[in-house]
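Worksheet: one structure, shown below.
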Amino acid sequence: MLYDPKKVLSCIHNTYNIIGRQRHNLPVYVFFRTFARQSNQVFRMMKIVFATNNAHKLEEARQILGKRVETVSLRDIGCTDDIAETATTLAGNSELKARYIYDKYGLDCFADDTGMEVEALEGAPGVYSARYAGEPQDFARNRQKVLREMEGKENRKACFRTVITLLIGGEMHQFEGRVDGFITREEHGTGGFGYDSIFRPEGYEVTFAELTAEEKNRISHRGRAIEKLCAYLNS
């Protein structure tokens, strides 16, 4: 939540006490001016850490979360640690990253993990999407591996999934975003990153890599997960 309802009620009570018995004879603006002074801390901007240094992810989150939330990166809090992602699920990895930051720095934070899941490959690459072709991480090799494994397969269904873990006030909440689509038979487009050039979202005739950043963000799996996070913070 962006603010504590109990603090808001306390703020209103304090305002009435300050104005005193004369409040019925005072202009309305006096009440609101006094309330504004009292509420300065109650309605202050929330600061939350997004456990990433990926500039694209950070900008997307900032655009969706808006001006009421100050979203900062790992670099902004001085964290240069390589946080291990050893879980076997997207939800598990996002929780590992969020808990690492919350436990070490004591800051409200959220983390994400994303994977592409191909139906004909029994859900692979999934949680291993970033290093599907092995070390070092190389998405060109990852894409080529997927295309090789998909040769001769008619079922091209796939999806991108993002799971976000939020730790706020010690409580954990998770949000998922998903976009369905298909694996193309060859690469198309030069935009985006990761598997974008071999993934065509459902309802489109082009790959993610052929969409503009604005077009992709409107339907992206991560964007959908962040929208759910935003709705929770504003509830």
Side-chain angles (χ1 to χ4, degrees), residues 50-54 56-61 63-65 71 83-101 109-133 137-139 141-143 145-147 149-150 153 155-167 172-184 187 189 191-204 206-211 213-233:
F50 185 4
T52 186
N53 278 323
N54 183 301
H56 174 82
K57 289 184 181 182
L58 195 62
E59 180 58 27
E60 184 177 23
Q63 287 180 357
I64 295 172
L65 293 174
T71 308
I83 305 173
E85 299 179 35
T86 56
T88 57
T89 64
L90 300 176
N93 272 339
S94 67
E95 181 180 347
L96 280 175
K97 290 185 283 187
R99 287 202 179 279
Y100 183 92
I101 297 303
C109 63
F110 67 94
D112 79 306
D113 198 26
T114 294
M116 184 179 74
E117 300 171 348
V118 182
E119 192 171 286
L121 301 181
E122 299 182 345
V127 71
Y128 306 108
S129 292
R131 294 171 175 80
Y132 192 49
Q137 177 180 314
D138 185 330
F139 273 106
R141 291 194 300 120
N142 291 344
R143 293 192 297 271
K145 181 177 180 180
V146 170
L147 290 178
E149 293 178 341
M150 289 295 288
K153 298 184 185 297
N155 180 3
R156 315 293 294 186
K157 291 182 180 179
C159 73
F160 272 115
R161 283 200 310 123
T162 291
V163 178
I164 286 176
T165 296
L166 168 70
L167 279 170
M172 186 184 85
H173 305 273
Q174 290 190 317
F175 311 92
E176 181 177 323
R178 172 181 175 136
V179 58
D180 292 298
F182 307 90
I183 299 299
T184 56
E187 296 198 41
F193 58 95
Y195 294 93
D196 285 359
S197 62
I198 64 170
F199 181 84
R200 176 171 64 82
E202 201 170 66
Y204 288 76
V206 295
T207 67
F208 263 169
E210 296 174 283
L211 296 175
E214 293 74 18
E215 289 171 330
K216 182 187 172 185
N217 288 344
R218 281 199 295 269
I219 62 169
S220 82
H221 39 292
R222 185 176 301 104
R224 289 173 174 175
I226 296 173
E227 289 281 6
K228 292 179 181 178
L229 166 65
C230 184
Y232 174 77
L233 292 175

Main-chain N/O of A225 paired to R178 side chain as donor or acceptor, under 3.5 Å: no

How long is the straight-line distance from CG of N155 back to CD of E119, given to the nearest 0.5 Å? 4.5 Å

With the side chain counted from C-beta on, respond yes when H173 and L229 share a heavy-atom pair under 4.5 Å apart, and no when they do not. no

Calculate, to the nearest 0.5 Å, the distance between atoms SG and CE belonging to C159 and M116 respectively. 9.5 Å

Determine yes or no for a side-chain-to-main-chain donor-acceptor pair under 3.5 angstrom, with R161 supplying the side chain and G115 the backbone. no

Would you confirm whether N93, through its side chain, and A87, through its main-chain N or O, come within 3.5 Å as a donor-acceptor pair? yes

Residues T162 and E176: side-chain donor-acceptor under 3.5 angstrom: no

With a 4.5 Å cut-off on side-chain heavy atoms, are V163 and D112 touching? no

Okay, side chain of R131, backbone of Y128: is any donor-acceptor separation there less than 3.5 Å? no

Output for pair (E59 CD, H56 NE2), nearest 0.5 Å, gives 9.5 Å

Kindly compute the distance separating CZ (F160) from NE2 (H221), expressed to the nearest 0.5 Å. 5.5 Å

Any side-chain heavy-atom pair of R200 and V206 under 4.5 Å: no

Give a yes/no verdict on a cation-pi contact between K153 and F182, requiring under 6.0 Å between NZ or CZ and the six-membered ring centre and an angle within 45° of the axis. no

Begin with the C-alpha distance, continue with both residues' side-chain angles, and end with the deciding distance and a verdict on side chain to side chain contact (heavy atoms under 4.5 Å, CB included) for N217 and R222. CA-CA 8 Å; N217 288 344; R222 185 176 301 104; over 6 Å; no

Result for side-chain contact (heavy atoms from CB on, under 4.5 Å) between D113 and one of T165, I164, L90 points to L90

Which atom of I219 lies closest to which atom of L211, heavy atoms considered: CD1-CD1, 4.2 Å

Tell me the closest heavy-atom pair linking T207 and T184, and the distance in Å. CG2-CG2, 3.8 Å

For residues A51 and A111, report the shortest heavy-atom separation together with the two atoms involved. CB-CB, 3.8 Å

One should read off an interatomic distance between F175 CZ and C230 SG, to the nearest 0.5 angstrom, of 10.5 Å

Closest contact, heavy atoms only, S94 versus Q174: OG-NE2, 3.9 Å

Regarding E149 and Y132, do their side chains bring together a donor and an acceptor under 3.5 Å, going by distance alone? yes

Expected output: side-chain N142 to main-chain A133 donor-acceptor under 3.5 Å: yes

Counting C-beta onward and ignoring hydrogens, is there a side-chain heavy-atom pair between T52 and K97 closer than 4.5 Å? no

Using the test side-chain contact (heavy atoms from CB on, under 4.5 Å), find all partners of A213 that sit at least two apart in sequence or belong to another chain. none

Could you pull out all residues at least two apart from E187 that satisfy side-chain contact (heavy atoms from CB on, under 4.5 Å)? R143, Q144, L147, S197, I198

Sequence-distant partners of R99, side-chain contact (heavy atoms from CB on, under 4.5 Å), two or more places apart: E95, D103, L167, M172

Answer whether the closest heavy-atom distance between the side chains of V179 and R224 falls below 4.5 Å. yes

Residues D180, K157: salt bridge by 4.0 Å N-O rule: no

Distance, nearest 0.5 Å, that separates CD of E117 from CD of E122: 12.5 Å

Evaluate the side chain to side chain contact (heavy atoms under 4.5 Å, CB included) criterion for residues T71 and L65: first the C-alpha distance (whole Å), next the side-chain angles of each, then the deciding distance (0.1 Å), finally the verdict. CA-CA 8 Å; T71 308; L65 293 174; 3.4 Å; yes

Please tell me whether F110 and F50 form a close aromatic pair, meaning their ring centres lie under 6.0 Å apart. yes

Please confirm whether the backbone N or O of S129 pairs with a side-chain atom of Y195, one donor and one acceptor, at under 3.5 Å? yes

Of all heavy-atom pairs linking A209 and G189, the shortest is CB-C, 3.8 Å

